[in-house]
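Heads up: the structure comes next, in structure tokens.
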Amino acid sequence: VQLEPTKFMPTLEQMRAEKSKVVIFPIDEKAPLAKKAGAGSVATGEVEKYLLEAGSVELVDRSAAEKMKDELALIELSGKGEISSPQIADYAVMGEISSVQISSMFWPSGKPGKQMVGAVLQQLTGIEVENPPEYEYTASVKGKLKIFQLATAKMIKTIELDDDKSITKLPLALGWIVTNIPPNLPESEEIGLITGAASDAVESARFDLKNFFSRKGYVLEKRTSPDGKHFIFLVSFGTSDGAKEGEEVVIYTLEESASKLGGPTTVEEVPIGKAKIADILKSNECWIHTDDAALAERIKMGDYVKIHYSKGLGDYAKKAGKILF
């Protein structure tokens with residue numbers, strides 16, 4: 001189907017643009033317990049892992065940009081300045097772990113999930129199920145990731161880090177008598193909880209991180225099924241940019257907006273709908289699919305799409321598991 005071009009057609013340079021270059025600096029361990037556990041190093045590794053997994057950016061060796069980190073810190077502190085060191089990246093990701101808390105809770109009949117399982121088993125078998133008491137130790141981590149655009153030396157996005165990790169232990173026993181005396185938490189297990197919480201905090205924030213750096217793919221072509229009920233569009237990104245079959249994409253168009261105060265008009269990015277990546281993929285292009293006829297009618301050549309990352313059932317199940325078990 002012949003596609004009408006959008007008013008703001010991308011240039012050839014924009015369509016052939018290379019991946020954004022990103023440098024990820026070590027996450028600062030401002031909380032003493034974070035420094036003790038090496039949580040910043042763990043969190044930094046997780047940030048790198050998720051950006052590489054997305055495939056939408058090129059990571060730059062941070063050792064070549066150490067001076068830049070100091071300059072960004074001064075600019076952030078003063079609110080002004082510019083970067084004098086060579087610009088070897090388009091964006092920089094910095095961050096901090098500002099708070100680490102260790103807490104404990106006593107569950108006389110085990111955690112809620114175990115109580116629920118025991119109640120169900122008792123109902124099914126008629127046999128009374130008694131869950132042993134247990135202590136739950138939890139490490140909670142808070143912090144943030146900061147994304148800087150190096151061309152302007154400005155922080156353009158912050159992403160909150162906030163999660164926890166727990167472990168349960170049986171209370172101390174005196175002979176056959178189970179007490180409510182808390183067992184000791186070895187230092188190695190405390191460190192494991194802190195680093196686990198730091199890892200989970202980045203995992204929870206990965207959608208915001210990956211969506212920010214999600215690569216644009218421009219609409220090039222449209223095809224319609226013989227019955228007119230299915231529509232596919234060729235876009236200019238592929239597997240080398242992180243495209244995978246079945247992933248959801250958001251489709252955007254650019255629209256001109258006139259100022260109500262009589263000022264200059266502005267061009268705004270407007271989301272017009274969602275589609276999914278079809279099973280026809282190459283390294284630098286793929287097809288997206290929709291059955292929404294109204295949406296298909298709105299899409300023009302030169303509009304663009306971005307992969308949209310969001311929580312799945314596994315994420316909700318993991319969160320529920322933390323609370324219950």
**Message:** Evaluate E255 against R298 for salt bridge (charged side-chain N to carboxylate O under 4.0 Å, His left out), listing each step before the verdict.
**Reply:** CA-CA 13 Å; E255 292 184 356; R298 288 192 66 184; 3.7 Å; yes

Distance only, no hydrogens: is a donor on one side chain within 3.5 Å (strictly under) of an acceptor on the other, for E248 and S310? no

Rounded to the nearest 0.5 Å, the CD atom of E4 sits from the CE atom of M301 at a distance of 10.0 Å

query: Heavy atoms, side chains only, cut-off 4.5 Å: are K318 and D200 in contact?
result: yes

Cluster membership besides V23, Ile/Leu/Val/Met/Phe/Trp/Tyr side chains within less than 4.5 angstrom, sorted by chain and number, is F25, V60, M68, L72, I75, I83, I88, M94, F148, L150, M155

Q: Give a yes or no on this: more than 12 heavy atoms of other residues, nucleotides or ligands lie within 6.0 Å of atom NZ of K210.
A: yes

Point to revise | Cation-pi check, K216 onto Y304 ring (under 6.0 Å, within 45° of axis) | key: yes

Review point. Would you say T290 and F233 make side-chain contact, with heavy atoms under 4.5 Å?
Key: yes

K311 meets the salt bridge (charged side-chain N to carboxylate O under 4.0 Å, His left out) criterion, sequence neighbours left out, with none

Only one of K322, K114, K111 passes salt bridge (charged side-chain N to carboxylate O under 4.0 Å, His left out) with E136, and that residue is K111

Tell me, do S283 and T239 make a side-chain contact under 4.5 Å, heavy atoms counted? yes

I'd like to know whether CD of E187 has more than 12 heavy-atom contacts from other residues, nucleotides or ligands below 6.0 angstrom. no

With D90 as partner, the option from K19, Q149, K21, E58 fulfilling side chain to side chain contact (heavy atoms under 4.5 Å, CB included) is K21

Contacts of T265 meeting side chain to side chain donor-acceptor pair (under 3.5 Å) (sequence neighbours excluded), chain-then-number -> none

Please say yes or no: joined through hydrophobic side-chain contacts below 4.5 Å, possibly via intermediate residues, are F207 and L161 part of one cluster?
no

Side chain to side chain contact (heavy atoms under 4.5 Å, CB included) between Y137 and E190: does it pass, once the steps are laid out? CA-CA 9 Å; Y137 292 91; E190 180 180 285; over 6 Å; no

With a cut-off of 6.0 Å (strictly less than), are more than 12 heavy atoms of other residues, nucleotides or ligands near CE of M9? yes

Side-chain contact test, heavy atoms from C-beta onward, threshold under 4.5 Å: evaluate it for L52 versus L59 and give yes or no.
yes

